[in-house]
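Report on the structure given below.
Worth saying up front: this structure is predicted, and the values here are computed from it rather than measured.
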Amino acid sequence: MSNYVIEIGSQPSLPVAGSDKRFPVGRIYCVGRNYADHAREMGHDPDREPPFFFMKPANSIVQNHATLGYPVGTKDVHHEIEMVVAIGKGGKNIAVEKALSHVWGYGVGLDMTRRDIQGEAKKQGRPWEMGKAFDESAPVTALRPASEIGHPAKGAITLKVNGQVKQTGDLAMQIWSVPEQISHLSHLITLQAGDLIFSGTPAGVGPVKAGDKLEGHVDGVGDLIISYRS
Ligand code: MN
């Protein structure tokens with residue numbers, strides 16, 4: 001029996017591929033504009049910006065193969081396909097050379113974005129929060145342990161909508177590598193086991209409509225399939 005005055009939802013988690021075990025999700029950090037071609041398509045100069053981070057709540061996680069309703073409060077939801085890094089060991093002020101020892105594994109995720117709300121926030125100089133951190137905004141595949149697949153630093157990252165390729169890139173095109181992301185972030189907050197890092201999206205982001213089927217892929221990591229109800 002707990003001493004809490006109310007009950008809240010259960011611990012958000014993701015399956016571990018090929019296992020009946022699950023990875024408990026703590027906090028979700030996302031890297032902004034981490035592929036040069038995407039930074040350019042959003043109207044920014046990729047060469048002069050250090051990495052920056054925003055968050056989604058852990059309970060915005062959606063399991064692979066889910067069918068979702070179109071998000072509320074928006075008429076312009078965008079897909080952003082990303083590799084997701086799962087932190088297995090916390091720490092602060094982590095050196096780039098030591099960073100990969102903090103990674104438990106990897107998945108494929110979608111940083112779903114209410115682009116109209118985000119755009120208005122940018123224009124007004126307000127937080128992005130309501131553009132990024134909403135219900136069901138973080139679909140992620142089962143995670144694969146680094147002990148099995150290693151630490152992917154190159155390989156295709158793609159997204160199809162209704163069978164048509166919309167986003168293509170390569171992990172090697174990341175402006176800030178996974179070890180650099182971990183190091184930067186750990187100088188801003190204390191990373192904790194269970195944290196996820198969405199590592200940025202390549203060019204080709206665009207709108208999703210009711211009835212669309214999204215198929216994301218990262219070489220050697222997995223395939224994410226999400227549908228929106230028509
Ligand atoms: Mn993103």
Table please: side-chain donor-acceptor pairs of residues 89-103 below 3.5 Å, with sequence neighbours left out.
{"unit_1": "Ser101", "atom_1": "OG", "unit_2": "Lys98", "atom_2": "O", "d": "2.7"}
{"unit_1": "His102", "atom_1": "ND1", "unit_2": "Lys89", "atom_2": "O", "d": "2.8"}
{"unit_1": "His102", "atom_1": "ND1", "unit_2": "Gly90", "atom_2": "O", "d": "3.2"}

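- Between Pro139 and Glu136, the shortest heavy-atom contact is CD-O, 4.2 Å.
- Using a 4.0 Å cut-off between charged side-chain N and carboxylate O, Lys154 and Asp170 make no salt bridge.
- The cationic group of Lys56 does not satisfy the cation-pi geometry with Tyr29, failing either the under 6.0 Å distance to the six-membered ring centre or the 45° limit from the ring axis.
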Show, in sequence, the C-alpha distance, side-chain angles and deciding distance for Gln181 and Ser199, and conclude whether the side-chain hydrogen bond (donor to acceptor under 3.5 Å, both in side chains) test is met. CA-CA 8 Å; Gln181 294 168 38; Ser199 61; 4.7 Å; no
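- Taking CD of Glu82 as the start and CG of Asp111 as the end, the distance is 4.5 Å to the nearest 0.5 Å.
- Under the 4.5 Å side-chain criterion, counting only non-hydrogen atoms from C-beta, Leu214 is not in contact with Leu224.
- For Arg22, the CZ atom counts as densely surrounded, since its 6.0 Å shell holds more than 12 non-hydrogen atoms of other residues, nucleotides or ligands.
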Please report the C-alpha distance between Arg114 and Val72 in whole Å, then the side-chain angles of each, then the deciding distance to 0.1 Å, and finally whether the side-chain contact (heavy atoms from CB on, under 4.5 Å) criterion is met. CA-CA 9 Å; Arg114 296 192 288 208; Val72 299; 4.0 Å; yes
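- Looking at residues two or more places apart in sequence or on another chain, you find a side-chain contact (heavy atoms from CB on, under 4.5 Å) between Phe53 and Val31, Pro51, His184, Leu185, Leu188.
- Ring pair His151/Tyr106 is perpendicular by interplanar angle, where above 60° counts as perpendicular and below 30° as parallel.
- Using modelled atom types and a 3.5 Å distance limit, the side chains of Thr74 and Asp116 yield a donor-acceptor pair.
- Taken together through direct or relayed side-chain contacts under 4.5 Å among Ile, Leu, Val, Met, Phe, Trp and Tyr, Ile87 and Ile189 form part of one hydrophobic cluster.
- Residue Val165 forms a side-chain contact (heavy atoms from CB on, under 4.5 Å) with just one option from His217, Glu215, Lys160, and that option is Lys160.
- Cluster annotation: Trp176 and Ile197 are assigned to distinct hydrophobic clusters (Ile/Leu/Val/Met/Phe/Trp/Tyr, side-chain heavy-atom contacts under 4.5 Å, transitive).
- For the residue pair Thr201/Gln167, the side-chain donor-acceptor check at 3.5 Å is satisfied.
- Side chain to side chain, Ser227 and Lys213 fail the donor-acceptor criterion of an N or O pair below 3.5 Å.
- Other members of the hydrophobic cluster containing Val16, listed by chain and number, are Leu14, Phe23, Val25, Ile28, Ile61, Val84, Trp104, Val140, Leu143, Leu196, Phe198; membership follows side-chain contacts under 4.5 Å among ILVMFWY residues, whether direct or relayed.
- The shortest distance between side-chain heavy atoms of Asp135 and Pro71 does not fall below 4.5 Å.
- Side-chain atoms of Ser186 come within 3.5 Å of backbone atoms of Ile182 as a donor-acceptor pair (strictly under, hydrogens ignored).
- Using a 4.5 Å cut-off on side-chain heavy atoms (C-beta onward), Glu120 and Met130 make no contact.
- Counting non-hydrogen atoms of neighbouring residues, nucleotides and ligands closer than 6.0 angstrom, the CG atom of Asp212 exceeds 12 such neighbours.
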